[in-house]
Protein chains: 2
Amino acid sequence: MDTKIVDVAAKAGVSPATVSRVLNRSNGVTERTRLKVMKAIEELGYHPNAAAKHLRSQRTKTIGVIAQDINSTYFTEIIKGIENMAYAQGYRVIICDAENHKEKEQEYLNLLLDRTIDGLILIVPLITDEEIIELADKGYFVAVVGRHIQHDRIPCVYTDNVKFSREVVKHLVQQGHRDIVFLNGHPDAVDSFERLEGYLKALRDHQIPFRPEFVENGHFSENGGYEALKRLVEKQLSFTAVFAANDEMALGVYRACAELGIRIPDQLAVIGVDNNRISKYIQPTLSTVNQPKYTMGAILVEKFIDQMNENQFENKRVFVVDSELIVRESSLFTVGKKSGPGNK
Amino acid sequence: MDTKIVDVAAKAGVSPATVSRVLNRSNGVTERTRLKVMKAIEELGYHPNAAAKHLRSQRTKTIGVIAQDINSTYFTEIIKGIENMAYAQGYRVIICDAENHKEKEQEYLNLLLDRTIDGLILIVPLITDEEIIELADKGYFVAVVGRHIQHDRIPCVYTDNVKFSREVVKHLVQQGHRDIVFLNGHPDAVDSFERLEGYLKALRDHQIPFRPEFVENGHFSENGGYEALKRLVEKQLSFTAVFAANDEMALGVYRACAELGIRIPDQLAVIGVDNNRISKYIQPTLSTVNQPKYTMGAILVEKFIDQMNENQFENKRVFVVDSELIVRESSLFTVGKKSGPGNK
DNA sequence: TTGAAAGCGCTAACAT
DNA sequence: ATGTTAGCGCTTTCAA
């Protein structure tokens with residue numbers, strides 16, 4: 001348990017330096033001595049002390065990942081992508097669950113500042129672009145998923161929110177809808193902003209006038225979606241479709257509809273974003289947008305590690321991946337139904 | 001970024017030792033010098049180097065947590081409990097996602113061996129009791145959730161599988177069922193074994209003869225549950241209720257029933273275990289067993305940290321928490337339905 | 001109350 | 001190809 005490199009060296013009849021060489025680069029050592037050393041390591045059950053190694057080499061080969069909340073498959077899938085790719089490159093990953101608190105995110109930033117990790121990946125955090133840029137400017141390695149930051153040293157991967165949002169609305173229009181409500185997420189989140197932008201552009205595409213009262217805020221949460229829909233109904237607005245900026249809010253819409261006796265999709269079509277696992281179990285199954293989460297994590301971390309190893313520089317820093325619309329029951333009229341939307 | 005303790009010391013006009021004292025124990029330092037030092041730290045933006053600290057102090061104040069798969073709320077809830085309590089005690093937590101591979105679990109064991117972490121918590125891992133005990137015997141700190149290990153130095157927290165399984169079966173019997181199928185998890189998992197035991201005891205409680213063909217293996221997975229139900233039906237067995245050892249398998253049962261045209265709960269009652277989030281969204285809502293996951297994590301880590309700090313010894317090492325049966329639609333006959341179970 | 005100095009376990013530059 | 005040795009940045013005895 002507390003055998004150290006000198007013990008191994010003594011047992012193998014070599015110097016600590018040689019043991020170190022065997023442990024790291026295998027070149028510069030005879031096969032014969034290499035075997036002697038390996039044998040000694042084996043027999044002593046020796047494990048190099050990480051702290052000593054990190055202190056001496058000034059790197060930990062560890063990447064930190066801050067996720068907004070690990071209780072959602074959006075984050076866990078991305079993390080899996082990051083982790084597997086990182087391990088393949090000899091890097092460890094520390095997962096941090098910020099539980100939706102900015103304060104907790106800040107807490108985890110210390111991992112970077114105290115050099116516990118070599119680099120930090122933020123998955124759509126609450127921390128602002130400015131704060132992230134400040135870190136990068138100080139020389140720390142930072143990368144982001146699900147967000148675009150204008151900075152030479154910050155790798156990004158995200159999906160084109162505007163693009164898929166337009167597709168969502170287009171699909172709804174093709175189903176005969178014109179009174180389409182948009183449920184926004186956190187008002188200051190980039191994702192919200194861009195999805196709203198896509199919604200607006202799509203309305204223009206189809207010559208549908210924009211009605212400000214058709215946009216409600218649901219803060220990306222189930223309960224937020226629930227309350228947003230209730231507010232809309234109370235306002236006596238007449239609409240036939242809801243585009244929720246994520247599946248969580250769509251779930252809230254389902255709950256509100258159940259209470260109010262609104263039938264999905266006949267009286268109200270619903271589409272979410274994220275392809276949350278629940279979306280295909282719920283009744284009716286929820287139409288949604290799928291992002292290639294695992295791939296996003298993997299692509300990003302590969303680039304990130306390259307950057308940290310200085311193998312590669314600024315050639316390709318930003319990765320935009322494609323999302324796909326998954327049409328399920330919640331946005332399609334039931335077979336046999338003749339009537340158009342809005343027939344309450 | 002690379003300011004060190006000597007820089008702070010120089011700036012504050014004191015010795016490195018004094019700075020260290022300010023940083024750790026605040027006693028033995030005048031308020032005046034403490035303020036001087038704090039000011040210097042602030043102005044230089046100094047952050048102590050973790051590796052150096054760990055190397056010197058021989059502890060990292062970090063706990064590792066290996067979860068079988070972070071893609072399930074069972075694990076994430078426990079992790080949240082662990083993390084929040086650990087942080088409150090000044091400990092960091094490293095989350096490891098083993099993705100259901102024993103090999104990956106072994107990989108993460110290195111964190112313990114190379115002293116990156118002071119202690120390791122395993123949440124129902126695939127690693128065997130023997131392997132865990134071996135670590136403990138070597139002097140490493142290890143603890144487990146959802147499993148009971150007979151060893152003085154290994155804190156455990158789990159829920160009484162036998163007890164709640166009996167309750168589940170009792171509830172089904174009270175609903176009029178006698179032909180109750182049990183869907184087992186991994187055949188070698190303790191949880192499976194104990195839930196099966198509870199099932200058997202309950203049958204005895206109600207004088208229902210045990211039929212071996214009523215037990216099928218579903219490996220705790222959705223697909224496993226799906227296939228298990230199909231096998232049962234192919235065997236032409238007649239049964240009116242399914243007790244699945246977890247919600248995932250119950251989900252598989254739902255899918256199989258949908259394909260086979262079996263109505264839940266009228267033709268088949270279903271109960272799972274875990275209170276997975278999906279269980280209350282699915283139609284019909286799934287009856288299940290809820291374990292106090294967050295609390296389990298919190299209780300355990302508190303004890304574990306005490307142990308690592310040697311504040312406390314062997315007085316209370318094993319925590320058994322209570323689970324509760326949550327009855328939802330999948331195990332209740334629809335209102336208005338007169339007929340008993342099994343009326344296909 | 002504060003400072004001087006040793007040393008945690010490792011790697012890498014330099015020497016042989 | 002292998003050994004010697006300095007030093008990574010910190011904490012903690014011991015001395016003042």
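Numbers restart at 1 for each chain; the letters A, B, ... are given by sequence-line order, proteins then strands.
- Using a 4.0 Å cut-off, no side-chain N or O of Thr33(B) falls inside it from OP1 or OP2 of dT1(C).
- The distance between the ring centers of Phe220(B) and Tyr74(B) does not fall below 6.0 angstrom.
- The nearest whole Å value for the distance from the NE2 atom in His54(B) to the P atom in dT11(D) is 10 Å.
- Per the geometry, CZ belonging to Arg21(A) stands 10 Å off C1' belonging to dT4(D), to the nearest Å.
- Atom CG in Leu23(A) sits about 12 Å away from atom P in dA12(C), given to the nearest Å.
- Both Ala52(B) and Ser15(B) sit near DNA chain C, but only Ser15(B) has its closest nucleotide nearer the 5' end.
- Rounding to whole angstrom units, NZ of residue Lys53(B) and P of dG7(C) are separated by 22 Å.
- Rounded to an integer number of Å, the gap from Glu31(B) CD to dT1(C) C1' is 14 Å.
- In this structure, CZ of Arg34(B) is placed 12 Å from P of dT2(C), rounded to the nearest angstrom.
- Distance from the side chain of Thr30(B) is smallest to dT1(C) among dC10(D), dT1(C), dT11(C).
- Residues Pro125(B) and Lys102(B) fail the side-chain proximity criterion, which asks for heavy atoms closer than 4.5 Å.
- Annotation: cation-pi pair Lys293(A)/Phe75(A) absent, no NZ/CZ under 6.0 Å from the ring centroid and within 45° of its normal.
- When the side-chain nitrogen and oxygen atoms of Lys4(A) are compared with OP1 and OP2 of dG9(C), one or more of them lie within a distance under 4.0 Å.
- No donor-acceptor contact under 3.5 Å links the side chain of Arg56(B) to the base of dG9(C).
- In terms of position on DNA chain C, the residue among Ala50(A) and Val14(B) whose nearest nucleotide sits closer to the 5' end is Val14(B).
- Taking only side-chain nitrogens and oxygens, Gln58(A) never comes nearer than 4.0 Å to OP1 or OP2 of dC10(C).
- What separates CZ of Arg59(B) from P of dG9(C) is a distance of 16 Å, to the nearest Å.
- OP1 and OP2 of dC10(D) both lie 4.0 Å or more from every side-chain N or O belonging to Ser57(B).
- Between the CG atom of Asn24(B) and the P atom of dG9(D) there is a distance of 17 Å, rounded to whole Å.
- With hydrogens and angles ignored, no donor-acceptor pair closer than 3.5 Å exists between the side chain of Arg115(A) and the base of dG9(D).
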Item to complete: Evaluate salt bridge (charged side-chain N to carboxylate O under 4.0 Å, His left out) for Arg92(A) paired with Asp114(B), printing each intermediate quantity in order.
Response: CA-CA 13 Å; Arg92(A) 283 180 177 174; Asp114(B) 74 12; 2.8 Å; yes

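- Side-chain nitrogen and oxygen atoms of Ser20(B) include none within less than 4.0 Å of the OP1 or OP2 phosphate oxygen of dT12(D).
- Counting heavy-atom neighbours within 6.0 Å of Glu31(B) CD, excluding the residue itself, gives a total above 12.
- Using a 4.0 Å cut-off, no side-chain N or O of Asn49(A) falls inside it from OP1 or OP2 of dC8(C).
- Taking the six-membered ring where the residue is Trp, the centroids of Tyr87(B) and Tyr108(A) are separated by under 6.0 Å.
- Contacts of Val6(A) with the nucleic acid, taken as non-hydrogen atoms under 4.0 Å apart, are absent.
- One finds a side-chain N or O of Thr18(B) lying less than 4.0 angstrom from the OP1 or OP2 phosphate oxygen of dG3(C).
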